[in-house]
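Computation of the quantities below employed the complete heavy-atom set of this structure, encompassing side-chain atoms and omitting hydrogens, waters and symmetry-equivalent molecules. Quick note on labels: first sequence line is chain A, next is B, and so on, each numbered from 1.
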Amino acid sequence: MIGGAAALYLLMNGRIMGASGILGGLVDGTGRDAMVERLAFLFGAMAVPPLLVPLYDRVDTQITSNAVVIIAAGLLVGVGTRLANGCTSGHGVCGISRLAPRGLASTALYLLGGAVAVLVFRHMLGVI
Amino acid sequence: MAQRFMGVADARDVVAFVAGSIFGSGLLVSGMIDTKKVQGWLDFFGDWDPTLAFVLGGAVLPMFFVWRFAERRGKAFLGAPIPDRTPPKLDRNLVVGSLMFGAGWGLAGLCPGPALASFALGGWGGALFFLAMVSGMVAAPAVRDRLLTRRPA
(Lines give C-alpha, C1' and ligand atoms only; values in the text may rest on other atoms or scores of the structure.)
Protein backbone atom coordinates (compact mmCIF):
# COMPACT_ATOMS: atom_id res chain seq x y z
CA MET A 1 0.00 0.00 0.00
CA ILE A 2 2.84 2.36 0.84
CA GLY A 3 4.54 1.56 -2.47
CA GLY A 4 1.22 1.98 -4.27
CA ALA A 5 0.66 5.40 -2.75
CA ALA A 6 4.19 6.48 -3.69
CA ALA A 7 3.68 5.18 -7.23
CA LEU A 8 0.38 7.02 -7.60
CA TYR A 9 1.82 10.31 -6.36
CA LEU A 10 4.84 10.04 -8.65
CA LEU A 11 3.09 8.81 -11.80
CA MET A 12 0.12 11.18 -11.61
CA ASN A 13 1.53 14.30 -9.96
CA GLY A 14 5.25 13.94 -10.62
CA ARG A 15 5.98 14.29 -6.93
CA ILE A 16 8.12 12.33 -4.54
CA MET A 17 5.99 11.08 -1.68
CA GLY A 18 7.88 12.16 1.41
CA ALA A 19 5.92 12.81 4.58
CA SER A 20 8.46 15.21 6.10
CA GLY A 21 8.78 17.21 2.87
CA ILE A 22 5.04 17.54 2.32
CA LEU A 23 4.42 18.62 5.93
CA GLY A 24 7.64 20.61 6.35
CA GLY A 25 7.15 22.63 3.19
CA LEU A 26 3.74 23.61 4.47
CA VAL A 27 4.74 24.67 7.98
CA ASP A 28 7.94 26.56 7.11
CA GLY A 29 6.34 28.33 4.16
CA THR A 30 8.73 27.04 1.48
CA GLY A 31 5.98 25.05 -0.23
CA ARG A 32 3.45 27.80 -0.93
CA ASP A 33 3.18 26.75 -4.57
CA ALA A 34 1.38 23.53 -3.77
CA MET A 35 -0.54 24.35 -0.60
CA VAL A 36 -3.80 22.60 -1.45
CA GLU A 37 -2.02 19.54 -2.84
CA ARG A 38 -0.01 19.25 0.39
CA LEU A 39 -3.07 19.79 2.57
CA ALA A 40 -5.01 17.20 0.60
CA PHE A 41 -2.27 14.61 1.09
CA LEU A 42 -1.97 15.36 4.80
CA PHE A 43 -5.73 15.31 5.29
CA GLY A 44 -5.91 11.86 3.69
CA ALA A 45 -3.01 10.54 5.74
CA MET A 46 -4.42 11.88 9.02
CA ALA A 47 -8.17 11.44 8.65
CA VAL A 48 -8.53 8.13 6.83
CA PRO A 49 -6.51 5.70 9.04
CA PRO A 50 -8.82 6.24 12.07
CA LEU A 51 -11.71 5.04 9.91
CA LEU A 52 -10.01 1.64 9.65
CA VAL A 53 -9.70 1.16 13.39
CA PRO A 54 -13.05 -0.66 13.81
CA LEU A 55 -11.66 -3.43 11.57
CA TYR A 56 -9.06 -4.29 14.18
CA ASP A 57 -9.32 -5.75 17.66
CA ARG A 58 -6.79 -3.36 19.02
CA VAL A 59 -4.99 -0.35 17.63
CA ASP A 60 -2.44 0.99 20.04
CA THR A 61 0.57 3.12 19.20
CA GLN A 62 2.06 2.16 22.60
CA ILE A 63 3.80 5.52 22.73
CA THR A 64 5.74 6.25 25.89
CA SER A 65 4.10 8.38 28.56
CA ASN A 66 7.38 10.17 29.28
CA ALA A 67 6.68 13.72 28.03
CA VAL A 68 10.36 14.71 28.06
CA VAL A 69 11.24 11.80 25.77
CA ILE A 70 8.32 12.61 23.46
CA ILE A 71 9.25 16.29 23.13
CA ALA A 72 12.95 15.59 22.61
CA ALA A 73 12.18 12.90 20.03
CA GLY A 74 9.69 15.10 18.18
CA LEU A 75 12.14 17.99 17.96
CA LEU A 76 14.92 15.68 16.73
CA VAL A 77 12.66 14.17 14.08
CA GLY A 78 11.39 17.59 12.98
CA VAL A 79 14.77 19.30 12.70
CA GLY A 80 16.58 16.20 11.45
CA THR A 81 14.21 15.37 8.60
CA ARG A 82 14.26 18.96 7.34
CA LEU A 83 18.06 19.20 7.48
CA ALA A 84 18.37 15.85 5.74
CA ASN A 85 15.56 16.77 3.35
CA GLY A 86 13.72 13.51 3.85
CA CYS A 87 12.58 10.73 6.13
CA THR A 88 11.59 7.09 5.93
CA SER A 89 9.19 7.67 3.04
CA GLY A 90 11.21 10.16 0.97
CA HIS A 91 14.77 8.90 1.48
CA GLY A 92 13.78 5.39 2.49
CA VAL A 93 11.04 4.26 0.10
CA CYS A 94 11.45 6.72 -2.77
CA GLY A 95 15.23 7.22 -2.50
CA ILE A 96 16.33 3.61 -2.15
CA SER A 97 14.07 2.46 -4.98
CA ARG A 98 15.62 5.10 -7.27
CA LEU A 99 19.06 3.92 -6.11
CA ALA A 100 19.71 7.53 -5.12
CA PRO A 101 23.03 7.84 -3.26
CA ARG A 102 21.63 10.46 -0.87
CA GLY A 103 18.61 8.28 -0.06
CA LEU A 104 20.77 5.23 0.55
CA ALA A 105 23.23 7.20 2.72
CA SER A 106 20.48 8.91 4.68
CA THR A 107 18.70 5.62 5.33
CA ALA A 108 21.90 3.99 6.57
CA LEU A 109 22.55 6.96 8.86
CA TYR A 110 19.08 7.23 10.36
CA LEU A 111 18.96 3.48 10.96
CA LEU A 112 22.30 3.86 12.72
CA GLY A 113 20.97 6.81 14.75
CA GLY A 114 17.86 4.84 15.68
CA ALA A 115 19.84 1.74 16.64
CA VAL A 116 22.17 3.77 18.85
CA ALA A 117 19.23 5.57 20.48
CA VAL A 118 17.51 2.26 21.30
CA LEU A 119 20.79 0.77 22.54
CA VAL A 120 21.57 3.71 24.81
CA PHE A 121 18.11 4.66 26.06
CA ARG A 122 16.61 1.18 26.32
CA HIS A 123 19.50 -1.09 27.23
CA MET A 124 21.91 1.23 29.03
CA LEU A 125 19.66 3.82 30.66
CA GLY A 126 16.36 1.94 30.66
CA VAL A 127 14.34 5.10 29.87
CA ILE A 128 12.31 3.69 26.97
CA MET B 1 -5.14 24.94 -15.25
CA ALA B 2 -7.12 21.74 -14.82
CA GLN B 3 -10.76 21.45 -14.01
CA ARG B 4 -11.59 22.28 -10.42
CA PHE B 5 -13.72 20.20 -8.09
CA MET B 6 -15.86 22.13 -5.62
CA GLY B 7 -14.05 25.32 -6.47
CA VAL B 8 -10.77 24.69 -4.65
CA ALA B 9 -9.28 21.35 -5.59
CA ASP B 10 -8.00 20.25 -9.00
CA ALA B 11 -7.17 16.72 -10.15
CA ARG B 12 -3.70 16.86 -8.56
CA ASP B 13 -5.25 17.63 -5.19
CA VAL B 14 -7.67 14.73 -5.49
CA VAL B 15 -4.76 12.40 -6.33
CA ALA B 16 -2.86 13.78 -3.35
CA PHE B 17 -5.80 13.03 -1.06
CA VAL B 18 -6.11 9.48 -2.37
CA ALA B 19 -2.33 8.89 -2.13
CA GLY B 20 -2.27 10.28 1.42
CA SER B 21 -5.19 8.06 2.40
CA ILE B 22 -3.55 4.91 1.02
CA PHE B 23 -0.19 5.88 2.56
CA GLY B 24 -1.64 6.49 6.03
CA SER B 25 -3.76 3.33 5.89
CA GLY B 26 -0.72 1.31 4.80
CA LEU B 27 1.25 2.60 7.77
CA LEU B 28 -1.56 1.56 10.11
CA VAL B 29 -2.02 -1.87 8.55
CA SER B 30 1.71 -2.65 8.43
CA GLY B 31 2.35 -1.85 12.08
CA MET B 32 4.52 1.21 11.41
CA ILE B 33 2.44 3.25 13.87
CA ASP B 34 3.19 0.81 16.69
CA THR B 35 6.07 2.54 18.45
CA LYS B 36 7.18 -0.57 20.36
CA LYS B 37 7.31 -2.60 17.16
CA VAL B 38 9.39 0.10 15.46
CA GLN B 39 11.78 0.22 18.40
CA GLY B 40 12.03 -3.57 18.19
CA TRP B 41 13.08 -3.18 14.57
CA LEU B 42 15.75 -0.69 15.52
CA ASP B 43 16.95 -2.92 18.35
CA PHE B 44 19.78 -4.48 16.33
CA PHE B 45 21.85 -5.02 19.48
CA GLY B 46 19.04 -6.56 21.50
CA ASP B 47 15.89 -8.50 20.68
CA TRP B 48 15.75 -7.59 16.98
CA ASP B 49 12.37 -7.84 15.23
CA PRO B 50 13.06 -7.91 11.48
CA THR B 51 9.45 -7.88 10.28
CA LEU B 52 9.31 -4.19 9.39
CA ALA B 53 12.12 -4.72 6.89
CA PHE B 54 9.49 -6.48 4.78
CA VAL B 55 7.31 -3.36 4.90
CA LEU B 56 10.18 -1.25 3.55
CA GLY B 57 11.10 -3.93 1.02
CA GLY B 58 7.49 -4.30 -0.05
CA ALA B 59 7.34 -0.59 -0.85
CA VAL B 60 10.81 -0.31 -2.41
CA LEU B 61 10.44 -3.23 -4.80
CA PRO B 62 7.44 -1.97 -6.83
CA MET B 63 8.81 1.58 -6.67
CA PHE B 64 12.04 0.39 -8.29
CA PHE B 65 10.11 -0.45 -11.46
CA VAL B 66 7.87 2.61 -11.17
CA TRP B 67 10.93 4.89 -11.13
CA ARG B 68 12.38 3.25 -14.24
CA PHE B 69 9.09 3.69 -16.05
CA ALA B 70 8.63 7.26 -14.82
CA GLU B 71 12.16 8.35 -15.71
CA ARG B 72 11.87 6.88 -19.18
CA ARG B 73 8.53 8.65 -19.66
CA GLY B 74 9.89 11.91 -18.25
CA LYS B 75 6.46 13.26 -17.43
CA ALA B 76 3.71 12.44 -14.98
CA PHE B 77 0.24 11.67 -16.32
CA LEU B 78 -1.14 15.02 -15.13
CA GLY B 79 1.63 16.82 -17.00
CA ALA B 80 4.22 17.69 -14.36
CA PRO B 81 7.84 16.71 -15.02
CA ILE B 82 9.36 13.79 -13.13
CA PRO B 83 11.70 15.38 -10.57
CA ASP B 84 15.38 15.47 -11.51
CA ARG B 85 17.89 13.46 -9.57
CA THR B 86 19.53 15.43 -6.79
CA PRO B 87 23.31 15.60 -7.32
CA PRO B 88 24.85 12.82 -5.21
CA LYS B 89 26.46 15.14 -2.72
CA LEU B 90 26.84 14.05 0.90
CA ASP B 91 26.79 17.33 2.77
CA ARG B 92 26.81 18.01 6.47
CA ASN B 93 23.08 18.73 6.55
CA LEU B 94 22.30 15.27 5.20
CA VAL B 95 24.64 13.50 7.62
CA VAL B 96 23.74 15.48 10.76
CA GLY B 97 20.04 15.62 9.89
CA SER B 98 19.78 11.89 9.22
CA LEU B 99 21.52 11.02 12.48
CA MET B 100 19.28 13.42 14.44
CA PHE B 101 16.18 12.06 12.77
CA GLY B 102 17.25 8.48 13.50
CA ALA B 103 17.89 9.27 17.15
CA GLY B 104 14.42 10.80 17.51
CA TRP B 105 12.85 7.89 15.65
CA GLY B 106 14.50 5.41 18.01
CA LEU B 107 13.59 7.42 21.10
CA ALA B 108 9.85 7.60 20.47
CA GLY B 109 9.32 5.03 17.72
CA LEU B 110 7.58 7.48 15.39
CA CYS B 111 8.75 8.95 12.08
CA PRO B 112 6.83 11.66 10.20
CA GLY B 113 4.44 9.44 8.19
CA PRO B 114 3.24 7.38 11.14
CA ALA B 115 3.07 10.54 13.25
CA LEU B 116 0.51 11.81 10.74
CA ALA B 117 -1.39 8.54 10.46
CA SER B 118 -1.61 8.03 14.22
CA PHE B 119 -2.30 11.66 15.13
CA ALA B 120 -5.91 10.87 15.99
CA LEU B 121 -5.05 7.48 17.53
CA GLY B 122 -2.05 8.10 19.74
CA GLY B 123 -3.71 9.92 22.63
CA TRP B 124 -1.98 12.95 24.13
CA GLY B 125 1.44 11.41 23.53
CA GLY B 126 0.90 11.25 19.78
CA ALA B 127 -0.40 14.80 19.68
CA LEU B 128 2.53 16.08 21.76
CA PHE B 129 4.99 14.32 19.46
CA PHE B 130 3.31 15.86 16.44
CA LEU B 131 3.49 19.37 17.94
CA ALA B 132 7.16 18.93 18.85
CA MET B 133 7.93 17.61 15.36
CA VAL B 134 6.22 20.54 13.65
CA SER B 135 8.09 22.95 15.97
CA GLY B 136 11.33 21.26 14.95
CA MET B 137 10.42 21.66 11.30
CA VAL B 138 9.72 25.36 11.80
CA ALA B 139 13.05 25.78 13.63
CA ALA B 140 15.04 23.77 11.08
CA PRO B 141 16.05 26.66 8.75
CA ALA B 142 17.68 28.48 11.70
CA VAL B 143 19.53 25.32 12.72
CA ARG B 144 20.65 24.81 9.13
CA ASP B 145 22.10 28.32 8.99
CA ARG B 146 24.07 27.72 12.16
CA LEU B 147 25.45 24.46 10.82
CA LEU B 148 26.51 26.11 7.59
CA THR B 149 28.29 29.03 9.19
CA ARG B 150 30.33 26.85 11.50
CA ARG B 151 33.73 25.97 10.08
CA PRO B 152 34.28 22.34 9.10
CA ALA B 153 35.75 20.34 11.94
Applying a strict 4.5 Å limit to non-hydrogen atoms, the region of B/Pro87 in contact with chain A is backbone

Checking heavy atoms, do the side chain of B/Val38, its backbone, both or neither come under 4.5 Å from chain A?
neither

Name the option with the most non-hydrogen atom pairs under 4.5 Å to chain B; the candidates are A/Thr30, A/Val53, A/Leu112, A/Ile16.
A/Ile16

Counting only N and O atoms by type, is there a donor-acceptor contact under 3.5 Å from the side chain of B/Arg73 to the main-chain atoms of A/Leu11?
no

Does the side chain of B/Leu28 reach to within under 4.5 Å of the side chain of A/Tyr56, using non-hydrogen atoms?
yes

CG of A/Asp33: more than 12 outside heavy atoms within 6.0 angstrom?
yes

May I ask you to say whether B/Asp91 pairs ionically with A/Arg102, meaning some side-chain N is under 4.0 Å from a carboxylate O?
yes

Consider only side-chain heavy atoms of I, L, V, M, F, W and Y, link residues closer than 4.5 Å, and tell whether B/Phe44 and A/Leu104 are in one cluster.
yes

Non-hydrogen atoms of chain A under 4.5 Å away: do they reach the side chain of B/Phe119, the backbone, both or neither?
side chain

Quick check on A/Leu99 against chain B: is it the side chain, the backbone, both or neither that has a heavy atom closer than 4.5 Å?
both

How many angstroms lie between atom CZ of A/Arg82 and atom CE of B/Met137, to the nearest 0.5 angstrom?
6.5 Å

Flag side-chain contact, heavy atom, 4.5 Å: A/Thr61 against B/Asp34
no

Less than 6.0 angstrom separating the ring centers of B/Phe23 and A/Tyr9, yes or no?
no

Under 4.5 Å from any heavy atom of chain A, what part of B/Leu27 do you find: side chain, backbone, both or neither?
both

Sort B/Phe130 into side chain, backbone, both or neither according to what part of it lies under 4.5 angstrom from a heavy atom of chain A.
side chain

Contact check, side chains of A/Leu23 and B/Pro112, non-hydrogen atoms, under 4.5 Å:
no

In terms of heavy-atom proximity below 4.5 Å to chain B, should A/Ala34 be classed as side chain, backbone, both, or neither?
neither

Report the option among B/Gly57, B/Gly79, B/Ala103 that has the most heavy-atom pairs separated by less than 4.5 Å from atoms of chain A.
B/Ala103

Option in B/Leu128, B/Val143, B/Ile82 with maximal non-hydrogen atom pairs under 4.5 Å from chain A
B/Leu128

Given side chain to side chain contact (heavy atoms under 4.5 Å, CB included), test B/Phe77 with A/Asn13 step by step and report yes or no.
CA-CA 7 Å; B/Phe77 286 106; A/Asn13 288 16; over 6 Å; no

Closest non-hydrogen atom pair, A/Val27 against B/Val134:
CG1-CG1, 3.8 Å

Show every donor-acceptor pair shorter than 3.5 Å between a side-chain atom in residues 116-128 of chain A and any protein atom, with sequence neighbours excluded, or say none if there are none.
| from | atom 1 | to | atom 2 | distance (Å) |
| --- | --- | --- | --- | --- |
| A/Arg122 | NH1 | B/Asp43 | OD2 | 3.1 |
| A/His123 | NE2 | B/Asp43 | OD1 | 2.8 |
| A/His123 | NE2 | B/Asp43 | OD2 | 3.1 |

Honestly, the part of B/Pro83 sitting under 4.5 Å from a heavy atom of chain A is both

Does any non-hydrogen side-chain atom of B/Trp67 lie less than 4.5 Å from one of A/Leu10?
yes

With a 4.5 angstrom heavy-atom cut-off, is it the side chain or the backbone of B/Leu110 that approaches chain A, or both, or neither?
both

Heaviest contributor of heavy-atom pairs below 4.5 Å to chain B, chosen from A/Gly78, A/Cys94, A/Ala19, is A/Gly78

Can you sort out the partners of B/Ser98 under side chain to side chain donor-acceptor pair (under 3.5 Å), two or more places apart, ordered by chain and number?
A/Ser106

For residues B/Phe45 and B/Leu107: do they belong to one hydrophobic cluster (side chain heavy atoms under 4.5 Å, members Ile, Leu, Val, Met, Phe, Trp, Tyr)?
yes

Proximity breakdown for A/Asp60 and chain B, heavy-atom pairs closer than 4.5 Å:
backbone

Most heavy-atom pairs under 4.5 angstrom with chain A, which of B/Arg144, B/Lys37, B/Lys89, B/Met63?
B/Met63

Of the backbone (N, CA, C, O) and the side chain (C-beta and beyond), which part of A/Ala105 lies under 4.5 Å from a heavy atom of chain B, both, or neither?
side chain

Quick one: which of A/Gly24, A/Gly74, A/Ala67, A/Ser65 has the most heavy-atom pairs under 4.5 Å with chain B, could you say?
A/Gly74

If you tally heavy-atom pairs under 4.5 Å against chain A, which of B/Pro141, B/Ser21, B/Gly26 wins?
B/Ser21

A/His91 versus B/Leu94: any side-chain heavy-atom pair under 4.5 Å?
yes

In terms of heavy-atom pairs under 4.5 Å, which option from B/Ala59, B/Gly125, B/Gly40, B/Ala16 contacts chain A the most?
B/Ala16

Validation row: A/Ser97, B/Val66 side chains within 4.5 angstrom (heavy atoms):
no

Residue from B/Ala19, B/Gly58, B/Ala120 scoring the most non-hydrogen pairs under 4.5 Å with chain A is B/Ala19

Interchain contact, A/Met17 with chain B, by part (heavy-atom threshold 4.5 Å):
side chain

Might you confirm whether atom CZ of B/Arg68 has over 12 heavy atoms from other residues, nucleotides or ligands at distances under 6.0 Å?
no

Has B/Thr35 got a side-chain atom pairing as donor or acceptor with A/Gln62's backbone, closer than 3.5 angstrom?
yes

Heavy-atom cut-off 4.5 Å, strictly under: side chain, backbone, both or neither for B/Trp124 against chain A?
side chain

Region of A/Leu42 in contact with chain B, defined by heavy-atom distances below 4.5 Å
side chain

Please classify the contact between A/Ser89 and chain B as side chain, backbone, both or neither, with a heavy-atom cut-off of under 4.5 Å.
side chain

